[in-house]
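Keep in mind the model is a prediction, meaning the values are calculated, not measured.
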Amino acid sequence: MAIVLFTDFGAGDLYVGQIKAVLQRLAPPIAVIDLLHDAPAFNVRASAHLLAALVGHFAQDSVFLAVVDPGVGGTRSAIVMQADERWYVGPDNGLLSVVGARATKGHCWRIVWRPEQLSASFHGRDLFAPLAATLAAQGSLPKTWTEQCNGLDVEFGGDDLPEIIYLDHYGNAHSGIRASGIPRDAQLVLGEARLAFARIYSEAPEAAPFWYENSQGLVEIAVNCGSAAQSLGLKIGDVIAWK
């Protein structure tokens, strides 16, 4: 059992530490894994596709605390979802919906519990973290904290997202496209750029951009010994096509 953190809070800001303080207080024996804290800020759709690409490497009893929540404090619901034996806690704004749509089986519950003190702007610490910690410590949902529901309010579906969804510190551009569906002789189209496939970096000329299947199974745009983001002027949300 582990609690896995996926947020857009930024690893260098003060928010992650506050969430970990709650987890340590309520579930001290449980391992906490920092999966990602620079998910695309405010971009729920891109983050939903990125999360879906990453969860398969974790044990089936893992509890994902996922927060990309620009509507915090508003009308969106708070949700717990079980999909393919993994648990997910977070806002019902579409963030968990790609995981749910691609799962072979799943259930969801609304979080009806509220703590005595609930910051309007930090549900990650005050609402989601206590529930995730309690779920991980007990191995089951606290029954009075949730009520079962028929589905999520916001659904993005399980289809691929033909856009750039993440830029890593190398300048590589991760897409929301699963590479298994793209022929290896296809050219990727990004604005004026046309990119050929290479299996590994060393198959491409140095400083040349190319696309490949990354370790999460996604189409990724890279430059051999360089930054695709800089050389091609890429940003999150850029549309990708192929021919």
Determine which pairs satisfy salt bridge (Lys or Arg N to Asp or Glu O under 4.0 Å) with at least one residue from residues 182-197, sequence neighbours left out, and list them in order.
Arg184-Glu213

Counting only N and O atoms by type, is there a donor-acceptor contact under 3.5 Å from the side chain of Asp160 to the main-chain atoms of Arg178?
yes

Below 4.5 Å, heavy atoms only, C-beta onward: do His123 and Leu118 meet side chain to side chain?
yes

Interatomic spacing from CH2 in Trp109 to CG in Leu131 - rounded to 0.5 Å:
11.0 Å

Would you list the pairs meeting ring pair (Phe, Tyr, Trp, His ring centres under 6.0 Å) in which at least one residue belongs to residues 135-162, sequence neighbours left out?
Trp113-Trp145

Just distance, no hydrogens or angles: give the donor-acceptor pairs under 3.5 Å from side chains in residues 218-242, sequence neighbours left out.
residue	atom	partner	partner atom	Å
Glu220	OE1	His174	ND1	3.4
Glu220	OE1	Asn214	ND2	2.8
Glu220	OE2	Asn172	ND2	3.3
Glu220	OE2	Tyr212	OH	3.0
Asn224	ND2	Tyr201	O	3.3
Asn224	ND2	Ala204	O	2.8
Ser227	OG	Ala229	N	3.4
Ser227	OG	Gln230	N	3.1
Ser231	OG	Ser227	O	3.0
Lys235	NZ	Asp238	OD1	2.9
Asp238	OD2	Lys235	N	2.9

Which value, rounded to the nearest 0.5 Å, describes the distance between Leu35 atom CG and Thr7 atom OG1?
9.5 Å

What donor-acceptor contacts under 3.5 angstrom involve side-chain atoms of residues 41-53, with partners at least two apart or in another chain?
residue	atom	partner	partner atom	Å
Asn43	OD1	Ala46	N	3.0
Ser47	OG	Pro40	O	3.4
Ser47	OG	Asn43	O	2.9

Please test Ile19 against Phe9 for side-chain contact (heavy atoms from CB on, under 4.5 Å), starting from the C-alpha separation and ending with a verdict.
CA-CA 10 Å; Ile19 283 182; Phe9 291 162; 3.3 Å; yes

Ile182 side, atom CD1; Gln187 side, atom CD - distance, nearest 0.5 Å
13.5 Å

Lys/Arg N to Asp/Glu carboxylate O, Arg102 vs Asp84, below 4.0 Å
no

Output for pair (Ser97 OG, Met81 CE), nearest 0.5 Å, gives 8.0 Å

Compare all side-chain heavy atoms of Ile33 with those of Leu5 and state whether any distance is below 4.5 angstrom.
no

Show me the side-chain donor-acceptor pairs of residues 146-154 shorter than 3.5 Å, one per line, residues at least two apart or across chains.
residue	atom	partner	partner atom	Å
Asp153	OD1	Arg110	NH2	2.8
Asp153	OD2	Ser77	OG	3.3

Once salt bridge (Lys or Arg N to Asp or Glu O under 4.0 Å) is applied, what residue pairs with a partner in residues 119-131 remain, sequence neighbours excluded?
none

Test of understanding: with ring-ring contact (aromatic ring centres under 6.0 Å, His included), list the residues that count as partners of Phe197, not counting sequence neighbours.
Trp211

Pairwise salt bridge (Lys or Arg N to Asp or Glu O under 4.0 Å) hits with a residue in residues 33-43, at least two apart
Lys20-Asp34

Is it true that a side-chain atom of Asp13 and a backbone atom of Tyr15 form a donor plus acceptor pair closer than 3.5 Å?
no

Checking side-chain contact (heavy atoms from CB on, under 4.5 Å) for the pair Leu195/Phe210: CA distance, chi angles, key distance, verdict?
CA-CA 5 Å; Leu195 307 180; Phe210 63 98; 5.6 Å; no

Approximate separation, where rounding is to 0.5 Å, of Leu96 CG and Cys108 SG
10.0 Å

Side chain to side chain, Phe128 and Val67, heavy atoms closer than 4.5 Å
yes

So CD1 of Ile79 and CG of Asp92: to nearest 0.5 Å the spacing works out to 4.5 Å

With a sphere of 6.0 Å drawn around CZ of Phe58, does it hold more than 12 non-hydrogen atoms of other residues, nucleotides or ligands?
yes

For Tyr88, give me all partners under ring-ring contact (aromatic ring centres under 6.0 Å, His included), at least two apart in sequence or on another chain.
Phe64

Contacts of type salt bridge (Lys or Arg N to Asp or Glu O under 4.0 Å), residue Lys143, not counting sequence neighbours
none

Show me the pairs that pass salt bridge (Lys or Arg N to Asp or Glu O under 4.0 Å) and involve residues 162-175, at least two apart or across chains.
none

I'd like to check the salt bridge (Lys or Arg N to Asp or Glu O under 4.0 Å) partners of Arg199; sequence neighbours left out, ordered by chain and number.
Glu203

